[in-house]
Amino acid sequence: MKRVRLHILLDGRDVPETSALKYVDEIESFMNDLNDADFDAQIASGGGRMKITMDRYEANWPMVEEGWKIHVRGLGRNFKSATEAIETYRAETGVVDQDLPGFVVVDENGDPKGTINDNDSVILFNFRGDRAQEISIAFDADESFDKFDRVKVPNVKFAGMLQYDADAQIPKKYLTEPPKIHYTLTEQLVNAGISEYAISETQKYGHVTYFWNGNRAAKFSEELEEYVEIESDVIPFEQRPWMKSAQITDKLCEAIRSGKYDFLRTNYPNGDMVGHTGSLEATIIGVESVDLALGRVIEAVKAVNGVLLVTADHGNADEMYEKPKKAGAPLKAKTSHTLNKVPFIVYNYDCKLKQDDDMGLSNIAATVCEILGVKPNEHWRSSIIESAE
């Protein structure tokens with residue numbers, strides 16, 4: 001291997017919001033130590049993960065198209081280095097890393113340093129599947145691909161870090177076997193004949209289907225499972241922080257009152273997605289929107305004498321600012337997930353919650369089964385609840 005080009009997708013979301021240059025400095029220093037007359041590694045393009053390339057659940061294919069233009073075709077705003085691009089965009093826009101526009105790094109002649117061409121090898125070294133699938137499809141698909149006009153479709157060897165969707169074989173080639181996740185809650189419930197209903201808007205639809213079922217897009221049972229996706233708005237979350245909470249709740253309450261389903265699940269994305277923006281005002285509105293929605297859900301649950309469980313997979317809206325490291329320094333928005341404990345609320349079921357600090361999300365599957373009268377899987381951790389007596 002004589003020539004390597006990196007196309008960097010910047011985070012600032014699950015790491016400090018303006019930490020991109022730290023990683024750019026580290027990787028460029030590493031590559032410079034390798035570079036000599038026979039080997040050349042450089043950064044070729046990049047952009048924020050919420051602006052280019054890394055859409056998920058087919059919510060915004062134009063993001064992927066923009067990434068394709070930048071990475072594959074070398075079409076975008078030109079800079080002499082990734083550092084220059086990041087510093088310039090920060091000065092011009094003030095946005096954090098995840099929202100930095102795309103950029104192309106050019107040489108002294110103004111030519112892109114790393115377009116993707118015939119006979120190249122392309123490795124997407126992302127391990128999480130939701131934001132890796134669409135760009136993988138764009139590389140793997142034949143001429144029937146219709147999500148956007150690729151214009152240039154180089155004949156490359158493309159591989160993912162792993163196969164992000166084994167059912168759909170996305171991508172066809174990968175470096176390491178994906179984890180095989182067995183004994184999921186849905187699988188256990190379907191085996192017991194429990195009917196299920198899953199709903200969310202596009203931004204979290206995969207979380208109540210694909211991720212919920214152990215990185216499996218397909219249903220375990222067409223007869224017993226129904227999935228509903230409410231299409232998310234393609235707009236910055238802080239501009240519409242209520243998102244689709246009302247529409248999700250409309251459908252969910254209708255499904256609850258129908259009596260057709262034994263187990264229903266949803267994910268309200270507001271606290272997470274709006275929380276990531278760092279906007280306190282917008283996040284308060286987002287959380288209040290979920291409060292209103294839960295009030296409606298409780299009324300629907302009451303009407304059928306059902307049981308409601310409320311929890312979260314992680315915090316995001318509970319801690320909106322980072323404590324200044326220096327006295328007198330301004331507050332800085334916290335856009336990453338927090339590490340605080342999350343609530344677990346049981347409504348309309350006579351029980352006690354176990355007082356055990358070791359309890360966590362992995363105890364919820366057994367809890368659901370206990371409430372539904374289904375034997376929990378032997379491989380699971382125990383239920384969170386115990387008899388009220």
Side-chain angles (χ1 to χ4, degrees), residues 3-13 20 24 41-79 81-82 85-86 89 95 97-107 110-165 168-175 202-203 206 232 234-236:
R3 187 171 180 269
V4 172
R5 293 293 182 263
L6 262 63
H7 303 269
I8 60 174
L9 295 160
L10 307 172
D11 192 350
R13 189 177 177 102
V24 168
Q42 298 183 48
I43 294 174
S45 74
R49 62 179 273 192
M50 298 302 289
K51 295 294 285 188
I52 65 167
T53 312
M54 301 193 80
D55 179 45
R56 63 180 178 189
Y57 312 142
E58 302 194 48
N60 187 5
W61 273 101
M63 271 179 65
V64 188
E65 180 179 12
E66 183 66 14
W68 185 270
K69 288 178 181 176
I70 287 167
H71 309 315
V72 177
R73 301 172 61 196
L75 299 178
R77 186 172 173 182
N78 294 348
F79 294 92
S81 69
I86 293 165
Y89 281 144
V95 298
D97 294 344
Q98 64 175 359
D99 296 318
L100 287 168
F103 58 85
V104 176
V105 180
V106 296
D107 61 21
D111 297 321
K113 284 190 173 182
T115 55
I116 297 175
N117 305 303
D118 288 348
N119 303 316
D120 284 344
S121 294
V122 180
I123 298 172
L124 178 60
F125 49 96
N126 207 60
F127 63 88
R128 176 170 159 167
D130 55 348
R131 295 194 183 275
Q133 292 194 29
E134 290 168 54
I135 190 67
S136 296
I137 291 169
F139 273 107
D140 270 353
D142 58 22
E143 62 276 1
S144 65
F145 180 81
D146 61 358
K147 302 302 183 182
F148 60 86
D149 184 358
R150 292 174 290 179
V151 181
K152 171 187 175 183
V153 187
N155 180 22
V156 301
K157 273 190 178 177
F158 178 84
M161 175 68 83
L162 44 77
Q163 192 164 55
Y164 306 116
D165 188 327
Q169 294 189 308
I170 303 171
K172 295 180 177 68
K173 295 184 177 69
Y174 47 95
L175 301 186
T202 307
Q203 285 296 333
S232 291
V234 182
I235 190 170

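Index from 1, following the sequence.
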Supply the atom-to-atom distance [X] [atom1] to [Y] [atom2], rounded to the nearest 0.5 angstrom.
X: Lys173; Y: Gln163; atom1: NZ; atom2: CD; value: 11.5 Å
X: Arg13; Y: Asp99; atom1: CZ; atom2: CG; value: 8.5 Å
X: Trp61; Y: Asp146; atom1: CH2; atom2: CG; value: 9.0 Å
X: Asp130; Y: Tyr57; atom1: CG; atom2: OH; value: 4.5 Å
X: Asp120; Y: Lys157; atom1: CG; atom2: NZ; value: 12.5 Å
X: Ile8; Y: His71; atom1: CD1; atom2: NE2; value: 10.0 Å

Write down the atom of [X], the atom of [Y], and the distance for their closest heavy-atom approach.
X: Gly110; Y: Asn78; answer: O-ND2, 4.1 Å
X: Arg49; Y: Met54; answer: O-CB, 3.6 Å
X: Ile52; Y: Ile70; answer: CG2-CD1, 4.1 Å
X: Ala20; Y: Leu10; answer: CB-CD2, 4.0 Å
X: Lys113; Y: Arg5; answer: O-NE, 2.7 Å
X: Val104; Y: Pro112; answer: CG1-CB, 3.9 Å

Are the side chains of [Y] and [X] in contact, using a 4.5 Å heavy-atom criterion?
X: Leu124; Y: Ser136; answer: yes
X: Ile116; Y: Phe139; answer: yes
X: Val95; Y: Leu100; answer: yes
X: Lys69; Y: Glu66; answer: yes

Please check if atom CZ in Phe148 has more than 12 non-hydrogen atoms from other residues, nucleotides or ligands closer than 6.0 Å.
yes
Phe125 CZ: over 12 foreign heavy atoms closer than 6.0 Å:
no
Sidechain-backbone polar pair: [X] side chain, [Y] backbone, donor-acceptor under 3.5 Å:
X: Arg73; Y: Thr115; answer: no
X: Lys152; Y: Val72; answer: yes
X: Ser232; Y: Gln203; answer: yes
X: Asp97; Y: Asp11; answer: no

Report the C-alpha distance between Arg131 and Met50 in whole Å, list the side-chain angles of each, state the deciding distance to 0.1 Å, and finish with yes or no for side-chain contact (heavy atoms from CB on, under 4.5 Å).
CA-CA 10 Å; Arg131 295 194 183 275; Met50 298 302 289; 3.8 Å; yes
Tyr174: which residues meet the ring pair (Phe, Tyr, Trp, His ring centres under 6.0 Å) condition with it, sequence neighbours left out?
none
Output all residues satisfying ring pair (Phe, Tyr, Trp, His ring centres under 6.0 Å) with Tyr164, sequence neighbours left out; order by chain, then residue number.
none
Which residues pass the salt bridge (charged side-chain N to carboxylate O under 4.0 Å, His left out) test with Asp55, sequence neighbours left out?
none
Look at the rings of Phe79 and Phe103 and say which category their plane angle falls in: under 30° parallel, 30 to 60° tilted, over 60° perpendicular.
perpendicular
Please report the C-alpha distance between Val105 and Gln42 in whole Å, then the side-chain angles of each, then the deciding distance to 0.1 Å, and finally whether the side-chain contact (heavy atoms from CB on, under 4.5 Å) criterion is met.
CA-CA 9 Å; Val105 180; Gln42 298 183 48; 5.8 Å; no
